[in-house]
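Note sheet for the following structure.
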Amino acid sequence: MDFLTLTEEERSALLLSLRVSTVATLASLPAGILVAYLLARGRFHGRALLNILVHLPLVLPPVVTGFVLLILFGRRGPIGAFLAEHFGLVFSFRWTGAALAAAVMGFPLMVRAIRLSIEAVDRRIEAAAGTLGASRIAVFLTITLPLILPGILAGAVLGFAKAMGEFGATITFVSNIPGETRTLPAAIYTFTQVPGGDWNAMRLTIISVVVSVAALAISEWLARRVARRIEAG
Amino acid sequence: MDFLTLTEEERSALLLSLRVSTVATLASLPAGILVAYLLARGRFHGRALLNILVHLPLVLPPVVTGFVLLILFGRRGPIGAFLAEHFGLVFSFRWTGAALAAAVMGFPLMVRAIRLSIEAVDRRIEAAAGTLGASRIAVFLTITLPLILPGILAGAVLGFAKAMGEFGATITFVSNIPGETRTLPAAIYTFTQVPGGDWNAMRLTIISVVVSVAALAISEWLARRVARRIEAG
Amino acid sequence: MLDVAIRHRLGAFDLAAGFTAAGGVTALFGRSGSGKTTLVNAIAGLLRPDAGRIVIGGVPVFDGAARLFVPKHRRRIGYVFQDARLFPHLNVRQNLAYGRWFAPRGAGDGIGFDAVVEMLGIGHLLARRPAGLSGGETQRVAIGRALLSRPKLLLMDEPLAALDDARKAEILPFLERLRDATTVPVVYVSHSLAEVARLATRVVVMEAGRVVAEGTVGDVLARPGLGARAGRAEAGTLLVASVLSHDAAHGLTTVDSPAGRLIVPGVAGRPGAAVRLHVPARDVMIATGPAPEGLSALNILPGTVAEIGAAAGGSVEVRIACGSGFLLSRVTQFSASRLGLAPGLAVHAIVKSVALAE
Amino acid sequence: MLDVAIRHRLGAFDLAAGFTAAGGVTALFGRSGSGKTTLVNAIAGLLRPDAGRIVIGGVPVFDGAARLFVPKHRRRIGYVFQDARLFPHLNVRQNLAYGRWFAPRGAGDGIGFDAVVEMLGIGHLLARRPAGLSGGETQRVAIGRALLSRPKLLLMDEPLAALDDARKAEILPFLERLRDATTVPVVYVSHSLAEVARLATRVVVMEAGRVVAEGTVGDVLARPGLGARAGRAEAGTLLVASVLSHDAAHGLTTVDSPAGRLIVPGVAGRPGAAVRLHVPARDVMIATGPAPEGLSALNILPGTVAEIGAAAGGSVEVRIACGSGFLLSRVTQFSASRLGLAPGLAVHAIVKSVALAE
Amino acid sequence: AAPASAQDRPVTVFAAASLKNALDEIGAAYAAEGGVPVVVSYAASSALAKQIESGAPADIFISADLAWMDYLGERNLIRAETRANLLGNRLVLVAPKAEATPVEIGPGLDLAGLVGDGRIAMGEVSSVPAGRYGKAALESLGLWAAIESKVAGAESVRAALLLVSRGEAPYGIVYRTDAAADPEVAIVGTFPEDSHPPIIYPAALTTEVVPAAAGFLAFLRSPKALPAFEAQGFSVLD
Ligand SMILES: Nc1ncnc2c1ncn2[C@@H]1O[C@H](COP(=O)(O)OP(=O)(O)OP(=O)(O)O)[C@@H](O)[C@H]1O
Ligand SMILES: Nc1ncnc2c1ncn2[C@@H]1O[C@H](COP(=O)(O)OP(=O)(O)OP(=O)(O)O)[C@@H](O)[C@H]1O
Ligand SMILES: [Mg+2]
Ligand SMILES: [Mg+2]
């Protein structure tokens with residue numbers, strides 16, 4: 001099929017997007033679970049602030065989020081400079097920066113899904129685990145975590161889908177460098193900006209949708225499996 | 001405070017954004033609840049398709065979503081023309097179009113939150129209501145709906161926040177016309193595109209964040225009230 | 001009024017059971033895991049059996065062959081669940097009233113709200129939400145909710161298990177009145193033979209998904225071997241007696257039963273009214289020789305040994321023909337041989353008076 | 001071993017209760033809503049009382065004044081919840097093993113997994129998940145889970161309520177052995193006097209958030225008025241007896257009790273071993289005049305009327321001094337006056353043999 | 001549109017976002033002179049062109065490049081006779097102020113060497129007009145092959161400029177208009193005008209216009225609009 005024959009550049013954008021989205025989702029998942037837990041259960045000062053912070057990327061225009069990332073995580077940014085110096089972790093103009101941007105943009109969606117699941121957990125069952133000797137962390141790992149798997153899956157797929165579609169913050173933060181930071185949505189955007197690019201934009205859009213639909217299908221299938229294991233005897 | 005003194009134009013953008021976000025959230029909520037219910041409980045052909053459709057705005061670059069809306073709901077688009085002719089409902093280059101774009105962009109977030117809540121409802125309790133004579137709809141209205149209120153609130157606040165921040169699809173679909181479709185994020189975007197606009201962009205960004213944080217706080221407060229009513233005797 | 005015959009598979013568990021009931025209380029009796037709840041769920045419409053037929057009040061609500069399945073909300077069933085299933089977001093009053101919203105207008109007044117609340121002792125809980133209720137309180141609200149839904153059929157799955165005896169003693173007479181005053185059939189799952197004997201008109205005994213005994217209470221309870229099945233030495237005799245007179249001063253009632261004249265504690269029924277008495281086999285002693293005297297037992301009935309059952313756990317059940325009826329007595333094997341009990345031997349059955357009536 | 005004195009408010013409910021227990025089984029007894037579960041929750045650490053002190057095995061786990069609150073997972077408690085609370089995502093085997101993961105290494109072997117599974121009859125359920133279990137099956141798994149966690153204190157909130165009598169009859173001896181073989185104290189909430197009498201060393205009776213009676217089983221059960229409180233005419237006498245001999249052929253055991261020599265069904269204990277007998281007051285008849293003969297009752301003990309309680313509901317409780325002990329008998333007021341019962345009167349107490357032992 | 005309301009309707013201009021400062025000022029001046037009110041919708045030229053294609057109520061379109069004006073021209077959605085090249089701009093090389101040393105832009109420039117292992121920020125070379133011009137300029141100077149792998153394509157000139165002013169990129173290629181306004185960057189060289197296609201902002205009336213639109217278009221091309229455009233660094237063409 002001619003339609004789906006990709007140019008070298010397009011293939012590299014697709015592969016990059018897959019890598020960026022996967023890394024962004026997996027790397028932010030632990031933090032997402034932790035933050036969701038803190039928001040659902042924590043009683044600490046700064047909880048409201050954390051909540052606001054998490055929601056910011058949703059509220060801000062992506063370009064603004066990109067600016068903020070640039071200012072904080074850029075080569076000269078306070079966090080970026082620190083990470084580069086101490087851990088050799090460089091974001092600017094790297095695919096890692098694209099992953100960071102995607103993770104940040106997907107974070108509020110991920111956290112909210114997981115948080116809702118945590119809030120739905122029957123705390124009496126957690127208390128039962130506590131009486132059996134499980135510490136708070138052990139309860140979390142052996143009871144809460146398995147019970148919120150559907151929420152984690154939902155959060156992960158939201159994060160992944162968002163990462164597959166995110167481009168505003170990414171291009172602002174790490175530009176649009178072929179092979180390094182030109183993800184699929186950046187490539188699509190590029191095509192939409194030139195007259196006559198619609199056809200190519202559509203092709204790439206369809207590819208991006210297919211990938212996300214596959215991720216969606218996998219997550220739904222996993223969630224059903226988990227649910228069946230709990231429901232059926 | 002000089003900082004927060006708004007020009008006439010900015011005030012109109014703020015009010016427009018509030019209107020657009022509120023209308024987008026409230027108008028899409030019933031559909032969001034319905035779709036979430038169908039996805040969580042339905043066993044019908046096309047369920048997978050519906051699921052994909054709902055997630056599309058998340059996956060697609062906003063510009064693409066904007067174009068799709070323009071093509072479908074524009075003055076000359078098939079749906080747009082039909083609605084304009086039969087219901088006098090015009091979206092193109094009206095604030096209603098901005099609301100539509102915001103609603104579409106927020107829809108996947110809203111649906112997912114509500115769906116997670118529905119999946120967490122104890123179906124044995126619904127069955128009990130059924131034995132007491134409540135039809136499926138009555139069970140939904142009297143049992144399911146009140147029990148998923150936290151999820152609905154979460155979905156609504158996600159949708160609202162998204163609407164407050166959304167501009168890619170909006171500006172592509174209904175342009176950036178002052179007083180009609182120039183929402184706060186569109187105004188922010190415009191400022192970022194010219195020299196010297198940063199200061200104003202920041203001011204408006206802060207205003208937009210304040211509004212969203214207020215919405216967030218209200219939803220959290222309501223959710224806690226609902227939870228307390230159920231938990232405490 | 002109720003006719004059930006279904007087959008349903010759940011994992012390794014195979015339910016193939018059926019029974020019929022024509023009004024009154026049908027007790028479902030059987031060990032844990034024997035399929036009682038599953039059967040009741042099928043009647044309520046919570047579960048669609050693989051095959052079979054369920055008819056409630058002449059109306060088929062399930063027919064596997066005809067692919068008929070009336071959904072649960074159209075069956076007009078009051079179901080007291082084993083796990084109470086109260087609505088967590090509604091307060092107790094709203095929980096109780098829930099079924100009423102959906103009862104058809106013409107369904108009659110049914111049982112009064114206040115009467116139910118009073119009987120269950122939940123008046124002080126009306127404004128509370130289920131989350132804070134104690135186990136017994138929860139169960140009582142669940143009972144009230146089912147009773148108040150004006151059902152055409154009541155399903156009660158161990159409704160009294162979480163309740164103290166004093167509360168049981170308040171609820172049981174209410175259920176008895178319900179049974180006698182209305183035509184609503186009741187399916188009553190219980191582990192307690194005392195409850196079953198007191199309430200039930202029919203008993204259905206289940207074992208591993210099958211019905212192994214079915215019949216009137218008198219029949220089934222007197223059947224040797226039920227003891228082991230029920231899991232306890234509590235078989236007995238059910239007598240339908242008519243009230244002769246009251247002794248209000250001592251709180252006693254004299255009745256005429258097939259087994260003879262009996263004195264029963266409590267003042268129940270007008271003269272001429274029919275009452276049901278359960279005489280547990282373990283509360284009937286046997287005396288050989290002349291009628292014993294100077295005993296605190298009020299009821300000493302002459303009779304003859306009719307049948308001696310098989311020994312089980314060191315004791316035997318002895319059927320004594322008294323008057324036109326029978327009494328079942330359980331004595332140790334040791335006593336049976338010491339007294340030389342044998343069919344035809346003339347004996348006296350000593351019934352401890354306080355053992356009657358419940 | 002256990003010392004509780006706490007105060008806690010829940011809405012309109014005010015709990016101010018305490019008791020001490022030195023090993024063995026302490027029964028918490030009281031009507032629905034009297035605060036039993038709340039008290040047990042406080043001991044388990046599920047609830048932080050407003051004030052007071054809780055000491056388990058000499059170690060304070062809560063002290064309101066000292067702001068001490070040991071979290072639940074460090075209290076090493078095996079809690080059988082009133083609402084089983086199994087882990088829905090783990091299968092039965094994993095549910096049972098859960099507590100073991102967290103028990104300290106040096107906690108000893110505790111009770112064997114296989115023995116518990118066998119006793120509870122849940123071997124065929126090990127691979128199943130809780131969602132499909134029946135009410136009784138769920139409860140049994142919950143009991144197993146608590147037993148297997150090698151606790152230093154067992155809290156059991158109506159553990160047998162959902163079980164049939166046969167199953168109870170299998171579990172109760174196990175709990176008895178547990179009580180006798182280990183030093184693990186047990187707090188046992190129950191509505192069933194039979195269970196309490198059989199298991200408990202101490203009884204704590206609660207009413208509206210207060211402890212209204214506390215003491216040894218014998219003391220509390222024999223106390224007049226408990227009947228009404230417990231809600232049922234089931235007061236009785238608890239006797240500690242020593243085994244004399246067995247009659248294996250008839251399945252009987254002869255024991256020596258303070259009230260005299262008794263023949264008890266069942267073969268329990270080696271000669272010389274101590275056994276506990278509960279004689280329900282309703283199972284003791286009184287005979288005036290010479291010792292009655294030709295009765296199926298195995299135990300007829302001479303004695304004198306010591307005390308006649310107040311009449312309640314048409315019957316009276318009579319304390320009979322037998323040997324060096326007492327027996328409680330319940331007879332109708334009518335019989336009492338007919339037989340001319342009065343303190344000092346020589347009588348015979350007729351104890352239906354099968355009424356013993358449980 | 002009905003004639004009555006057409007009179008009341010303000011003139012709607014669809015303009016490239018980079019014109020905001022100038023057009024806001026000119027619109028205000030026009031209104032002050034008694035002209036009809038002017039509303040301007042600023043967005044990317046691509047989006048504006050497609051919106052006009054699908055019937056947007058635009059009277060005047062001002063594109064940031066010729067391509068999107070041609071796009072509408074091919075579809076007969078503008079009045080060809082009113083099309084005119086309104087503004088011009090220059091392409092400059094910028095560096096962060098602290099490290100700025102002037103360079104001579106010509107075929108002999110070792111741009112790749114200057115950039116080192118950093119990046120050169122510019123508009124995305126295939127979609128953003130400034131990026132396209134920049135690429136053309138580098139190609140004509142024979143510098144493109146050496147620098148191609150070091151290009152960081154930004155979503156807009158503004159974003160490219162930000163990368164330089166934040167010090168992320170040591171050099172950037174942007175419009176003179178943008179560079180002039182940023183105190184953090186310095187212009188280190190200007191590209192020869194003939195090294196790239198002329199940078200032109202064309203303007204035209206669309207096909208469905210209010211009568212007053214022509215008046216505003218004329219005003220834009222009149223000397224009265226000049227100061228505002230020049231203040232932003234544009235060169236006004238004619
Ligand atoms: N999904 C399932 N898969 C396998 N077995 C099941 C499933 N659901 C129920 N069972 C089994 O069916 C049997 C009957 O269950 P049911 O709840 O009807 O028992 P019951 O008679 O009500 O017992 P109880 O008195 O303990 O409540 C049980 O052994 C249960 O384990
Ligand atoms: N949050 C609360 N607000 C008000 N009252 C409460 C709350 N929680 C519990 N109670 C009340 O405290 C009382 C004691 O409850 P608890 O569960 O301890 O009773 P219980 O003795 O275990 O009863 P049961 O035998 O029925 O289980 C009940 O009357 C209950 O309604
Ligand atoms: Mg059951
Ligand atoms: Mg309780």
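Per chain, numbering begins at 1; letters A, B, ... match sequence-line order.
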Closest contact, heavy atoms only, E:A152 versus A:I177: CA-CG1, 3.7 Å
Ignoring hydrogens and geometry beyond distance, is a side-chain donor-acceptor pair present between E:T177 and E:Q232 at under 3.5 Å? no
Just so I understand: if I count every heavy-atom pair under 4.5 Å between each of A:R75, A:E180, A:R182 and chain E, which residue has the most? A:R75
Out of A:V63, A:T192, A:T181, A:T190, which one racks up the most heavy-atom pairs below 4.5 Å with chain E? A:T190
Side chain from CB out, backbone as N, CA, C, O: work out which of these in E:K50 comes under 4.5 Å of a heavy atom of chain A, or both, or neither. side chain
On a heavy-atom basis, which atom in A:M164 and which in A:L184 lie closest, and how many Å separate them? CE-CD2, 4.3 Å
On a heavy-atom basis, which atom in E:I173 and which in E:G134 lie closest, and how many Å separate them? CG2-CA, 4.3 Å
For E:R158, is it the side chain, the backbone, both or neither that has a heavy atom under 4.5 Å from a heavy atom of chain A? neither
Between E:R83 and E:D70, is there a side-chain N and carboxylate O pair less than 4.0 Å apart? yes
Answer with side chain, backbone, both or neither: which region of E:E124 has an atom nearer than 4.5 Å to a non-hydrogen atom of chain A? side chain
Quick one: what part of A:F173 sits under 4.5 Å from any heavy atom of chain E, side chain, backbone, both or neither? backbone
Please state whether the side chain, the backbone, both or neither of E:R119 comes within less than 4.5 Å of a heavy atom of chain A. side chain
Taking the six-membered ring for Trp, are E:F234 and E:Y201 ring centroids under 6.0 Å apart? yes
